[in-house]
Amino acid sequence: SLWMGCANFDEAEQAFCKRNPDRCGQQPDTYSQLAFTTAPQTIELGSCSTEARVQLQNAQGAPVNVTQDTPVALSATPVERFQFFTNSSCTGAPVTMVGIPAGANSTGFYFKGTRAGAATLNASVGMISESQGATLSATPAAALALTLPTSGVTVGTCLGGQVHVKDEGGSDTHVDTATSVSLSSNPVEGITFYSDAACT
């Protein structure tokens, strides 16, 4: 029979050993750190971020593929009014975990928040964790909203209310400088305003 062909056996052997290190007498590469591979972001309140990605790496900073699906836990500091998503529109149910699929070394996620200021994104795989800063910038204040109890109130009872600063889209925002808010009632008789919870 006639056989024709050629092969680079060194390259084939290297490729095989890279896929099957245990069958070549090698120790499989293991990850020891988690790193953000995307830059810190500044986004407006209520807007969806661009993709943030984290990667598993060895001690030298080289990416390490996992052999099985590996979960990555997500959290933020401060946690109030901050959410993570798996899609670029930040819609659907928020998540607290994303996964690195078997054969890969990284995963991505999106986030948004409605509390202005600096925040910290936290990602972890088991005991390995990494953090990255993010900034949520406030949009200009455009309106006020007043929150009061909706149930009936007994005459003479002290009750609390809250004034919220809103942007044009109705999301919470904040003022850049201390701002006075005038209070009044209609009718004016029988209503008095106080700055303390005891109305004293």
Side-chain angles (χ1 to χ4, degrees), residues 34 36 38-54 71-99 107-125 127 129-200:
L34 184 67
F36 279 85
T38 48
Q41 299 185 47
T42 296
I43 61 172
E44 288 189 352
L45 289 181
S47 297
C48 192
S49 70
T50 58
E51 187 183 41
R53 292 196 70 83
V54 290
V72 179
L74 303 173
S75 64
T77 308
V79 68
E80 296 85 6
R81 293 178 282 175
F82 199 102
Q83 295 176 319
F84 295 97
F85 297 86
T86 57
N87 61 78
S88 59
S89 58
C90 291
T91 55
V95 299
T96 58
M97 192 168 293
V98 291
T107 188
F109 58 88
Y110 303 83
F111 61 89
K112 70 177 181 179
T114 56
R115 175 175 177 168
T120 301
L121 311 180
N122 308 305
S124 62
V125 174
M127 299 299 292
S129 63
E130 183 60 24
S131 299
Q132 184 180 77
T135 302
L136 304 177
S137 61
T139 48
L144 294 178
L146 180 62
T147 301
L148 293 171
T150 56
S151 57
V153 178
T154 303
V155 173
T157 300
C158 183
L159 59 96
Q162 290 185 326
V163 177
H164 304 270
V165 182
K166 301 285 186 178
D167 63 16
E168 288 185 354
S171 297
D172 289 341
T173 186
H174 73 276
V175 293
D176 294 327
T177 59
T179 303
S180 298
V181 177
S182 298
L183 303 173
S184 63
S185 65
N186 185 19
V188 297
E189 295 84 6
I191 301 292
T192 307
F193 297 99
Y194 299 86
S195 60
D196 66 295
C199 291
T200 56

Distance-minimising heavy-atom pair for G108 and R53: N-NH1, 3.6 Å
Atom pair CG/CZ of L74 and F82 - distance to nearest 0.5 Å: 9.5 Å
Separation of S47 OG from L136 CG (nearest 0.5 Å): 9.5 Å
Nearest-0.5 Å distance, SG of residue C90 to OH of residue Y110: 8.5 Å
Heavy-atom closest contact (C48 atom, S88 atom, distance): SG-O, 3.4 Å
E51 side-chain N/O to T38 backbone N/O, donor-acceptor pair under 3.5 Å: no
N/O donor-acceptor pair under 3.5 Å between T135 side chain and A118 backbone: no
Shortest non-hydrogen contact between V54 and A123, atoms and distance: CG1-CB, 4.0 Å
Exercise: do Q41 and T50 side chains pair donor with acceptor under 3.5 Å: yes
Separation of H164 NE2 from K166 NZ (nearest 0.5 Å): 6.5 Å
Aromatic ring pairing F109/F84, orientation class (parallel under 30°, perpendicular over 60°, tilted between): perpendicular
Side-chain H-bond candidate by donor/acceptor type, N122 with T77, under 3.5 Å: yes
Closest non-hydrogen atom pair, A197 against C158: O-SG, 3.3 Å
Atom of T114, atom of L45 and distance for their closest heavy-atom approach: C-CD2, 3.7 Å
Nearest heavy-atom neighbours spanning F85 and G92: CE2-O, 3.4 Å
Nearest-0.5 Å distance that lies between atom OH in Y194 and atom OG1 in T200: 8.0 Å
From E130 atom CD to F36 atom CZ, the distance as rounded to the nearest 0.5 Å: 7.0 Å
